[in-house]
Engineer: 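Take a look at this one; I'll ask things after.
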Amino acid sequence: MSSETLTRREKIPELQLVRAFAILGVLSVHSTSFATVDMANYPHAYYWYNFFNIFMKFGTPTFILLSSFVLFYNYYSRPLNGKLIGGFYKKRLLYIIIPYVLFSAVYYANKLYHSGTPGSLQETARQFVHALATGTANTHLYFVFISIQFYLLFPLFLWALKRFPVLARWSVPIGLALQWAFVLVNKYGLDEPVANKGSWSLSYFAYYFMGAALGIYYPQLKKWLVPAVRTATPAKIAAWVLLWAAWLTAGLAHVYVWHETRSGSDGYHSLLYEGLWNAHTYLSALVLIQLAFLIYRNAAGPLAKVLSHLGAMSFGIYLIH
C-alpha cells in the first residue's frame, strides 16, 4: 500500500492490480467478521460467510509483501547514503505517517465521543499517544503500525542485503526462519506471550523478505513469475501448476479448520492455524501477482482500469473503511 512509485526502473503497472486484490481481501474479511458469529445458526449462509472471512485473509500480508517488493526494487541498486535515507523518510512522513496520525486522531475522538466518559485532557492525551504508538486507535490501524516498524528497519535491511549479497540470495528462508522463530519463542519460550502478536513486524518477516527477494531479483524472476504462453516450458508450467495447486490446498484447508472450529468442534493445535494461515497467505501473494499480470495483459480494458484505480486508492480506502 506504499505510495512509492517505480520511476527509476521499469514500471510495473500490474502491481496496482495486486493492491486492488489485497484491499478487496481486507474489505471481505472485515465485512464478514461479525457475520461469522451472527450467522452461526444458518448453516448454508454461514458456510459462505466463513469461506470469505478466511479465504480472503491475504490482504494485509500481500500489502506488506508488495511494500517490500517496491522498496527494494526501487532502492537496492542505488547508493546507500544520507540523501537516500533522508528522501525515504520524508516520503514516509508525508504519505504514510501524517495520514496515520490524522486518522488515528479522528478514530480516537469518535471512540471518546461514543463512550461518553472522557477523562482529563492530560489523561486523554496520554491514552491517545499510547494508542498512536501501538496502532490501537482503531482496530484496523494495526497494519500502518506494522508498516512503520518496517520503515524503521528498512535502512538496516537494505544495508545488510547490499553489504552481504548471500543474505539477499537466502532472504526467503531467512524470512521464514525469523518469523517462525518468533512464533515458537512466543508460544513456548516466554512466561507471558507477546500481547497483540499480529501487530508486530516479526509476525510478517516471511512476507517482507519474500518481497525483498522479488524486488532485488525481479528481472531474473520475472520469466518464472509471469505466466506467458510464448515463454512457457515444461518446467515453468509444472511450477505454475504446483503453485496454484498448493495455494488452493492451503486455502481450503485453512477455511476447513476454521469452519470446524466455529461450528463447535474442540479445535486444533494453535500451530496448525498459524501454519495454514502462513502457507495460504504466503502463496496467495504469488498467485495474485500472477493473476494481475494475466488480467493486465489479456483484459487491458475496463476491468484492468477499474482494478488499477482501486489499487491506486487502496491506502485511502484502508484508512476510512
Side-chain angles (χ1 to χ4, degrees), residues 1-2 4-6 9-26 28 55-74 76 168-169 171-173 175-176 206-255 276-312 314:
M1 225 183 298
S2 169
E4 195 72 50
T5 56
L6 305 176
R9 302 183 66 182
E10 173 194 355
K11 292 184 178 180
I12 312 176
E14 294 86 353
L15 294 187
Q16 292 290 29
L17 276 66
V18 185
R19 291 187 179 93
F21 298 147
I23 194 62
L24 289 173
V26 169
S28 295
F55 196 78
M56 305 294 280
K57 280 187 176 291
F58 51 72
T60 295
T62 299
F63 276 129
I64 290 170
L65 185 146
L66 274 181
S67 178
S68 178
F69 182 170
V70 171
L71 289 176
F72 280 93
Y73 183 81
N74 215 22
Y76 187 77
R169 291 194 292 271
S171 56
V172 171
L176 284 165
Y207 308 91
Y208 193 81
F209 277 81
M210 169 67 88
L214 291 174
I216 293 168
Y217 297 112
Y218 177 72
Q220 299 95 311
L221 294 174
K222 183 178 179 180
K223 59 186 178 182
W224 284 90
L225 189 63
V226 180
V229 174
R230 59 185 175 81
T231 60
T233 64
K236 289 181 183 178
I237 293 171
W240 298 334
V241 170
L242 181 62
L243 169 62
W244 283 65
W247 165 67
L248 278 174
T249 300
L252 293 177
H254 192 199
V255 170
L276 287 175
W277 169 80
N278 190 190
H280 169 209
T281 54
Y282 197 68
L283 296 172
S284 291
L286 298 176
V287 167
L288 293 175
I289 291 172
Q290 286 199 328
L291 184 61
F293 275 93
L294 287 171
I295 291 177
Y296 195 86
R297 183 189 305 119
N298 300 307
L303 177 60
K305 290 180 180 179
V306 169
L307 290 173
S308 292
H309 288 310
L310 181 61
S314 58

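Being a predicted model, the structure only gives us computed values, none of them experimental.
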Engineer: Does the Lys236 side chain pair with the main chain of Thr231, one donor and one acceptor, at a distance under 3.5 Å?
Structural biologist: yes
Engineer: CG/Leu307 to CZ/Phe21 distance, rounded to the nearest 0.5 angstrom?
Structural biologist: 5.5 Å
Engineer: If I take atom CG from residue Leu283 and atom CG from residue Leu248, how far apart are they, to the nearest 0.5 angstrom?
Structural biologist: 10.0 Å
Engineer: Would you say Tyr73 and Leu214 make side-chain contact, with heavy atoms under 4.5 Å?
Structural biologist: no
Engineer: For residues Ile216 and Ala168, report the shortest heavy-atom separation together with the two atoms involved.
Structural biologist: CD1-CB, 4.0 Å
Engineer: Quick one: OG1 on Thr249 to NE2 on His254, what's the gap to the nearest 0.5 Å?
Structural biologist: 14.5 Å
Engineer: Is the shortest heavy-atom distance from the side chain of Tyr217 to the side chain of Phe72 under 4.5 Å?
Structural biologist: no
Engineer: Determine yes or no for a side-chain-to-main-chain donor-acceptor pair under 3.5 angstrom, with Arg19 supplying the side chain and Leu66 the backbone.
Structural biologist: no
Engineer: Contact between Asn278 and Leu176 at the side-chain level, heavy atoms closer than 4.5 Å - yes or no?
Structural biologist: yes
Engineer: Do the side chains of Leu65 and Val18 get nearer than 4.5 Å, heavy atoms only?
Structural biologist: no
Engineer: Check the pair Tyr207, Thr281 against side chain to side chain donor-acceptor pair (under 3.5 Å), reporting the backbone distance first and the verdict last.
Structural biologist: CA-CA 9 Å; Tyr207 308 91; Thr281 54; 2.5 Å; yes
Engineer: Look only at the side chain of His280 and the backbone of Phe58, and say whether a donor-acceptor pair between them is shorter than 3.5 Å.
Structural biologist: no
Engineer: Just to verify, what does Glu14 make a side-chain hydrogen bond (donor to acceptor under 3.5 Å, both in side chains) with, not counting sequence neighbours?
Structural biologist: none
Engineer: Heavy atoms, side chains only, cut-off 4.5 Å: are Leu288 and Trp247 in contact?
Structural biologist: no
Engineer: Does Ser308 reach the main-chain N or O of Gln16 with its side chain, forming a donor-acceptor pair under 3.5 Å?
Structural biologist: no
Engineer: Can you give me the closest heavy-atom contact between Trp277 and Pro61, atom names plus distance?
Structural biologist: CZ2-CG, 3.8 Å
Engineer: If you measure from OG on Ser314 to CG on Leu24, what distance do you get to the nearest 0.5 Å?
Structural biologist: 10.0 Å
Engineer: If every non-hydrogen atom of Val172 is compared with every non-hydrogen atom of Ala213, which pair is closest and at what distance?
Structural biologist: CG2-CB, 3.9 Å
Engineer: Quick one: closest heavy-atom pair of Gly211 and Ser68, and the distance?
Structural biologist: C-OG, 3.5 Å
Engineer: Compare all side-chain heavy atoms of Ile12 with those of Lys222 and state whether any distance is below 4.5 angstrom.
Structural biologist: no
Engineer: Are Phe293 and Trp224 close enough that their ring centres sit under 6.0 Å apart?
Structural biologist: no
Engineer: Nearest 0.5 Å, what's the OG1-CD1 distance between Thr62 and Ile289?
Structural biologist: 8.0 Å
Engineer: At their closest point, which heavy atom of Trp240 faces which heavy atom of Ala232, and how far apart are they?
Structural biologist: CZ3-CB, 4.1 Å
Engineer: Are Phe69 and Tyr218 an aromatic pair by the rule of ring centers under 6.0 Å?
Structural biologist: yes
